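A, B, ... follow the sequence lines: proteins, then strands. Residue 1 opens every chain. Every value quoted in this text rests on a predicted model; they were computed, and no experiment measured them.
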Protein chains: 2
Amino acid sequence: MERRPELLPLPQLHAFVVLAEELHFGRAADRLGIAQPPLSQQIRRLEDKVGHALFTRSPGRVALSAAGRELLPAARRALTGLTEGLAAARAAGSGRTGHLRIGFAASLALTVLPGLLRTHRERFPQVELDIREMTTAPQLAALRDGTIDVGLLREPPGDDPDLAFRTVLTEPFVAVLPSAHPLAAHRTIALADLADSPFVLLPREAGPGLHDRITSLCATAGFTPRVVQEAVEWQTVCALVETGLGVSLAPAGMRRIRLRGVAFRAVVPDEARTCVAVGWRRGDQGPLTANLLETIRAS
Amino acid sequence: MERRPELLPLPQLHAFVVLAEELHFGRAADRLGIAQPPLSQQIRRLEDKVGHALFTRSPGRVALSAAGRELLPAARRALTGLTEGLAAARAAGSGRTGHLRIGFAASLALTVLPGLLRTHRERFPQVELDIREMTTAPQLAALRDGTIDVGLLREPPGDDPDLAFRTVLTEPFVAVLPSAHPLAAHRTIALADLADSPFVLLPREAGPGLHDRITSLCATAGFTPRVVQEAVEWQTVCALVETGLGVSLAPAGMRRIRLRGVAFRAVVPDEARTCVAVGWRRGDQGPLTANLLETIRAS
DNA sequence: CATTCTGATATCCCTGGGGATATGGAACGG
DNA sequence: CCGTTCCATATCCCCAGGGATATCAGAATG
């Protein structure tokens, strides 16, 4: 049990501020919409709590005392700050404004994310979008503990009691090859042709869904990819491919990474695709989140 | 009658802030020193006033809602600001700290003022001294309307129902001459010798007491000073004397103004002196003012 | 299935703050 | 000398808000 702070009732502070501006009990009471004696009481009560006079009442003239001068700015800030905070809270509750925290997979920074941010900013200019790059697993945790409101990730997990997901788009895989690689000469590649090449992939912890999708894809093609190096970002993966360390399989959106010495080639059995989804808390009733989901759905 | 702002009771805001930190009704209630049901009520009441939920109560986990996130900083600022303001007001009321506004005649900036500021700062390091240069008449008005708490001026007016004065020091007059002036060759000067010289003086409105003192001094010496120029600051007066425009009579403290081409010479009938006084409001009971007067008295 | 932990509900009590009206008293102005 | 202005005081009323206790409902836990 902590020390309880002494609380100055806000009506008294309001009366104090108005009286400090008017320096006249009658007019101040008018502005406050109350009679004069109650105003005298308010000030007296406040002075009792402070322990010192806040005004000097010389006959005919009312003036702030030293204590009153020190209290006035704090009282003003508290009152205006609270009314503004109240308005901000209401606006946020009704969805007109506020902060929306969005987690996103790094692989989306070049594809869906920019358009989404632009569109939603057009629809709701007052809403600030706090975006933070994070891999799938941290996104799920952040969604659960409320650190983010919306997550953009690949390969959402199956049924979750707390979280809901909706597919935003699906895209095929492409092979990532060094330009010097023999297969880079072809426009399309059969997956089985990569069986003997070393692979560069994201670590499974970063996104189990996508990782499993890739390995199972290889399994159906009849081989297990031999991973020689892992990297947490696709940019890094491509850079490693460029050095000739190995090849990779990546979502087609990664073609946006234009890197000299790296070739992207379509994979012929393109029935297997990767899924980009948006996730949110099932319990989240906030209009801010709902509006963003609507923006995503419409785009 | 102005629109009355909606007021969020501070106990509710305190409960809100603590709950936002704990995210657990039981622990928050403990910290607040109350039972859990009242806390639920506080939050509910606050949510009613805001019009939106401030927390999302998923079973087992409590988290801030969007509206709550917007309100939290305002609530924090208001609470801390008010406790600090309250402490500041109490400190000011008891004289430990605060702001003291001092008006002073420009002619004192080089003499009594620096020592006074230094001494008082040593006695009360926490008290901020706001000094502002102003002539006598504005000082009296500022004292009356509470714009300043203490005034340092020359030739205080006689009995005043609202204001009190105490003499700080008296000093003789000196003649201010251009170095080239024939009288500058003497160490002392008889006032009557200045009868034919043109005078540079402060305007009477700036300080009637001092002005009248000077003219009556001349009258007793048998002449009326012929004023050819007025200036509101002694620095300017000396500068004008230096150009040869005329001579002047100034308080001895003005000797501190070391200006090439200007000579200060004692006046032989030195029985007439000018008085530097400190003034304050009779009704001012504040310890800040009392402490400053004590500092002045002791120095 | 019982237990525990969580928060919400339902009552009830009571203080005190905020309001009004009527009156007093000091200072100022004609 | 009287009226006005202005603030303080004295009462009184009312109820919203803050508190407590007891109980309930839903999840998680073992």
Side-chain angles (χ1 to χ4, degrees), chain A residues 1 4-20 22-50 53-65 68 79 144-145 160-162 281-283, chain B residues 1 4-20 22-50 53-65 68 79 144 146 160-162 281-283:
Chain A
M1 164 166 154
R4 178 177 324 181
E6 297 178 71
L7 297 177
L8 306 178
L10 289 176
Q12 292 176 16
L13 287 174
H14 187 213
F16 166 65
V17 169
V18 172
L19 180 57
E22 294 291 338
L23 294 181
H24 187 286
F25 279 75
R27 285 194 297 273
D30 269 356
R31 269 186 54 185
L32 290 166
I34 62 177
Q36 169 261 319
L39 175 58
S40 286
Q41 288 184 27
Q42 301 276 51
I43 300 302
R44 159 169 285 284
R45 276 198 278 263
L46 190 56
E47 285 175 329
D48 285 346
K49 299 202 176 171
V50 173
L54 297 171
F55 295 91
T56 62
R57 289 89 150 172
S58 324
R61 50 186 78 247
V62 175
L64 272 176
S65 75
L79 290 175
R144 258 184 262 276
D145 67 20
D160 186 300
D162 298 331
R281 281 183 297 279
R282 287 190 193 278
Chain B
M1 165 167 154
R4 177 177 325 180
E6 297 179 71
L7 297 177
L8 305 179
L10 289 176
Q12 292 175 16
L13 287 174
H14 187 214
F16 167 65
V17 170
V18 172
L19 181 57
E22 295 291 337
L23 293 180
H24 187 286
F25 279 74
R27 285 194 297 275
D30 269 357
R31 269 186 53 186
L32 291 166
I34 63 176
Q36 170 260 320
L39 175 59
S40 286
Q41 287 184 27
Q42 302 275 50
I43 300 301
R44 160 168 286 283
R45 275 199 277 264
L46 189 56
E47 285 174 330
D48 286 345
K49 299 202 175 173
V50 172
L54 296 171
F55 295 92
T56 62
R57 287 89 148 173
S58 323
R61 50 186 79 247
V62 175
L64 271 176
S65 75
L79 288 175
R144 258 183 262 276
D160 187 298
D162 299 331
R281 281 182 297 279
R282 288 189 193 279

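Within the model, atoms CD of A:Gln12 and CG of A:Asp48 stand 9.0 Å from one another, a figure rounded to the nearest 0.5 Å. To the nearest 0.5 Å, the span separating CD1 on B:Ile43 from CZ on B:Arg57 amounts to 7.5 Å. A distance of 10.0 Å separates CD of A:Gln42 from CG of A:Leu13, quoted to the nearest 0.5 Å. For the atom pair B:Glu22 CD and B:Leu32 CG, the distance stands at 9.0 Å (nearest 0.5 Å). To the nearest 0.5 angstrom, B:Leu46 atom CG is 10.5 Å from B:Leu19 atom CG. With values rounded to the nearest 0.5 angstrom, A:Arg61 atom CZ is found 7.5 Å from B:Arg144 atom CZ.
Residues passing the ring pair (Phe, Tyr, Trp, His ring centres under 6.0 Å) test with B:Phe25: none are found, sequence neighbours excluded. In terms of the side-chain contact (heavy atoms from CB on, under 4.5 Å) criterion, residue partners of B:Arg282 (sequence neighbours excluded) are, by chain and number, B:Ala164. B:Arg45 meets the side chain to side chain donor-acceptor pair (under 3.5 Å) test with no other residue; sequence neighbours excluded.
Distance B:Leu13 CG to D:dG18 C1': 14 Å, rounded to the nearest Å. One interatomic measurement links the two molecules: NE2 of A:His14 to P of C:dG17, which rounds to 19 Å at whole-angstrom precision. In this structure, the CG atom of B:Asp30 is 14 Å from the P atom of C:dC5, given to the nearest Å. A:Arg57 has its CZ atom 8 Å from the P atom of D:dT9, to the nearest Å. One atom, CG of A:Leu10, and another, C1' of D:dG18, lie 16 Å apart when rounded to the nearest Å. In this structure, CZ of B:Arg61 is placed 15 Å from C1' of D:dG26, rounded to the nearest angstrom. Distance CZ (B:Arg27) to P (C:dT6): 7 Å, rounded to an integer number of Å. With rounding to whole Å, B:Leu39 atom CG is found 16 Å from D:dT21 atom C1'.
Enclosure of atom CZ in A:Arg44 is not indicated, since only 12 or fewer non-hydrogen atoms of other residues, nucleotides or ligands lie within 6.0 angstrom.
Of the side-chain N and O atoms in B:His24, none sit less than 4.0 angstrom from OP1 or OP2 of C:dC5.
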Which protein N or O atoms sit under 3.5 Å from an N or O of nucleotides 14-17 of chain D?
| unit_1 | atom_1 | unit_2 | atom_2 | d |
| --- | --- | --- | --- | --- |
| D:dG17 | OP1 | B:Lys49 | NZ | 3.4 |

Nucleotide-resolved protein contact map, nucleotides 9-15 of chain C, B/S/- at heavy-atom distance under 4.0 Å
B-B----
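Using five terminal pairs a side, the axes of the helix from C:dC1-D:dG30 to C:dG30-D:dC1 at its two ends make an angle of 20°, given in steps of 10 degrees.
A donor-acceptor distance shorter than 3.5 angstrom exists from the side chain of B:Glu47 to the backbone of B:Leu54, with no hydrogens or angles considered.
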